[in-house]
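To keep things clear, I will list the structure first and then write my remarks on it.
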There are 2 protein chains.
Amino acid sequence: MSGRIPDSTVRRLSLYLRMLRELGRTNREFVSSHELAGRAGATSAQVRKDLSLFGSFGKRGRGYSVGSLSNTLEEILGLVRTWKVGLVGVGKIGTALLGYRDLDARGFDIVAAFDVDAAKIGKQVFGLTVSPLSDLERIVKECGVEIGIVATPPEVAAEVAKSLGDVGVGAILNFAPTELQVSDCVAVRAVDIVLELEGLSYLLATARRLDASKTDE
Amino acid sequence: MSGRIPDSTVRRLSLYLRMLRELGRTNREFVSSHELAGRAGATSAQVRKDLSLFGSFGKRGRGYSVGSLSNTLEEILGLVRTWKVGLVGVGKIGTALLGYRDLDARGFDIVAAFDVDAAKIGKQVFGLTVSPLSDLERIVKECGVEIGIVATPPEVAAEVAKSLGDVGVGAILNFAPTELQVSDCVAVRAVDIVLELEGLSYLLATARRLDASKTDE
DNA sequence: CCACCTTTGTGAAAGTATTCACAAACCAAC
DNA sequence: GTTGGTTTGTGAATACTTTCACAAAGGTGG
Ligand SMILES: NC(=O)c1ccc[n+]([C@@H]2O[C@H](COP(=O)([O-])OP(=O)(O)OC[C@H]3O[C@@H](n4cnc5c(N)ncnc54)[C@H](O)[C@@H]3O)[C@@H](O)[C@H]2O)c1
Ligand SMILES: NC(=O)c1ccc[n+]([C@@H]2O[C@H](COP(=O)([O-])OP(=O)(O)OC[C@H]3O[C@@H](n4cnc5c(N)ncnc54)[C@H](O)[C@@H]3O)[C@@H](O)[C@H]2O)c1
């Protein structure tokens with residue numbers, strides 16, 4: 001059980017958990033793989049296979065207990081605790097993230113924010129005081145920051161990510177449209193809005209090309 | 001040539017293009033698949049296979065012409081034109097996006113912003129006047145909005161997405177942590193920050209579990 | 001306790017994506 | 001022109017993911 005788990009499975013587990021929490025709020029007791037699949041955009045076989053990578057959690061004939069499967073998924077995903085998050089770059093997107101109340105509720109607590117801009121250092125943003133980047137190491141260690149968010153201009157993102165890794169942060173969420181190269185023991189995920197828009201652009205352009213060639217015939 | 005192209009290929013094409021533009025700025029003339037692969041986190045075979053899905057663009061023995069491959073990729077990705085974008089929900093993240101100057105530069109022009117909050121309607125945000133949601137249809141049609149961004153609270157995201165689809169928007173970028181179900185002829189991509197953080201949480205938790213079991217032995 | 005209905009868990013099959021490996025092409029230098 | 005070094009384009013091989021399909025398990029009602 002639980003060798004290498006594909007990324008796509010982990011993403012789906014998050015979606016299942018989200019649905020389970022919703023169902024929990026409506027006091028539902030059991031849910032079938034079929035129903036779980038429905039809203040997560042997966043198939044029922046996929047739900048069962050994803051879960052079977054970690055164990056057997058369902059009751060044949062009944063489905064999955066909403067409460068206990070929620071707990072199991074939270075355990076698997078590491079969401080039984082609150083993670084401490086540090087944010088670097090209190091600009092437009094960084095400020096939005098500091099004000100993103102859902103993060104707390106979901107187990108991600110932003111405990112520190114850093115910037116190099118003297119005008120921002122010392123100011124409170126959504127209740128958190130912005131620290132100078134030079135205090136990164138001290139504060140990350142004192143607060144026990146485990147996840148870093150990079151929200152700086154792309155030119156300095158790689159450098160910032162390296163510092164975060166060096167100082168012991170184990171995972172980074174990167175908003176800058178740049179590939180970070182950090183040590184393998186630091187996990188990185190990117191949120192790349194331009195990339196997503198370009199993906200949409202490709203689909204729109206392809207649809208138009210198809211339309212155009214159909215009209216030509 | 002060019003049947004169904006995997007999503008992973010399209011994402012990599014964007015990354016290749018990004019690198020090519022950087023190389024272009026340094027006046028480089030040719031680049032090999034090996035070098036292109038390097039920074040995009042791919043292999044050279046993958047670069048060549050991705051490109052070969054669309055045609056033959058390289059010169060054996062030399063590599064790819066930076067300028068002409070850039071143009072080709074822009075053509076493929078539909079980036080030879082500027083797309084008109086409409087944003088719904090001028091809150092924290094919506095405001096950050098309105099101020100994201102890079103989007104213009106990359107061919108995505110936010111031409112309209114909508115909200116339901118009377119306090120926001122009519123105000124200028126980064127040079128754009130916020131319109132009431134009730135004007136969605138009129139403005140989308142007048143301005144020719146082609147891509148919609150959903151930046152509303154999750155509870156209303158599905159409804160907003162449906163409206164966008166109904167008034168003729170062909171593609172949606174969704175920031176709300178909700179599955180949208182829209183007609184198949186509307187393309188959707190999601191930017192789901194909580195999902196990404198949960199992915200990191202899984203990796204951190206797994207690493208810890210491994211550590212713990214090693215120490216136990 | 002048995003017949004019947006439902007839904008899981010899982011090998012095996014099908015389908016996708018990535019990597020390998022090499023002939024064909026190009027360039028440069030002599 | 002021919003030799004040698006380089007790099008593409010691509011079929012074939014491998015690896016990975018998803019889907020299929022069904023036996024086994026649980027529940028219900030008689
Ligand atoms: N604005 C958006 O909506 C948006 C969306 C997605 C991605 N992004 C990306 O996020 C990043 C930030 O964008 P933004 O729009 O918030 O820009 P911004 O200019 O508003 O903010 C950048 C912040 O980073 C700070 N900074 C600069 N160098 C730093 C360093 N070395 N260490 C710490 N802080 C530093 C600046 O002082 C500033 O406060 C960019 O890479 C951008 O491409 C922005
Ligand atoms: N804040 C962040 O950094 C962040 C990051 C990622 C995702 N998100 C997601 O983005 C969405 C917005 O988050 P936010 O933090 O900006 O919230 P917010 O409350 O600051 O903004 C929401 C905005 O949407 C408007 N709105 C509400 N109902 C509307 C409707 N029916 N039509 C049009 N506009 C409507 C509100 O008036 C408000 O201006 C949420 O779904 C959130 O989960 C936020």
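Each chain gets a letter, A, B and so on, in the order its sequence line appears, and its residues count up from 1. Just the heavy atoms: all of them, side chains too, but no hydrogens, waters or symmetry mates, feed the values below.
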side-chain contact (heavy atoms from CB on, under 4.5 Å) for B/T95 and A/K92? Distances and angles first, verdict last. CA-CA 8 Å; B/T95 302; A/K92 291 179 281 286; over 6 Å; no
Classify the nucleic acid contact of A/S33 as base, sugar-phosphate or nothing, counting any heavy atom under 4.0 Å across all strands shown. sugar-phosphate
Could you pull out the closest heavy-atom pair between A/I5 and A/L53, with the gap in Å? CD1-CB, 4.0 Å
Could you tell me which residues satisfy side-chain contact (heavy atoms from CB on, under 4.5 Å) with [X], sequence neighbours excluded, listed by chain and number?
X	value
A/K162	A/D166
B/S32	B/H34, B/E35
A/V167	A/L136, A/E137, A/V140
A/S14	A/L77, B/L195, B/E198

Are there any protein N/O atoms within less than 3.5 Å of an N/O atom in nucleotides 14-20 of chain D, and if so, which ones and at what distance?
| from | atom 1 | to | atom 2 | distance (Å) |
| --- | --- | --- | --- | --- |
| D/dT18 | OP1 | A/R12 | NH1 | 3.2 |
| D/dT18 | OP2 | A/R12 | NH2 | 3.0 |
| D/dT18 | O5' | A/Q46 | NE2 | 3.3 |
| D/dT19 | OP2 | A/T43 | OG1 | 3.4 |

Could you list where the contact with chain B starts and ends along DNA chain C, reading 5' to 3', using a 4.0 Å heavy-atom cut-off? C/dA17 to C/dC27
Measure the angle between the two terminal helix axes of the helix from C/dC1-D/dG30 to C/dC30-D/dG1, five base pairs each, and quote it to 10°. 10°
Taking atom CD as the centre, does A/Q181 end up with more than 12 heavy-atom neighbours from other residues, nucleotides or ligands that are less than 6.0 angstrom away? no
Can you name the salt bridge (Lys or Arg N to Asp or Glu O under 4.0 Å) partners of [X], sequence neighbours left out?
X	answer
A/E179	none
A/R60	none
A/E29	none
B/R48	none

Out of B/R106, B/R11, B/R18, which residue meets the salt bridge (charged side-chain N to carboxylate O under 4.0 Å, His left out) rule with A/D192? B/R18
Every protein N/O lying under 3.5 Å from an N/O of nucleotides 25-30 of chain D:
| from | atom 1 | to | atom 2 | distance (Å) |
| --- | --- | --- | --- | --- |
| D/dG26 | O4' | A/R60 | O | 3.3 |

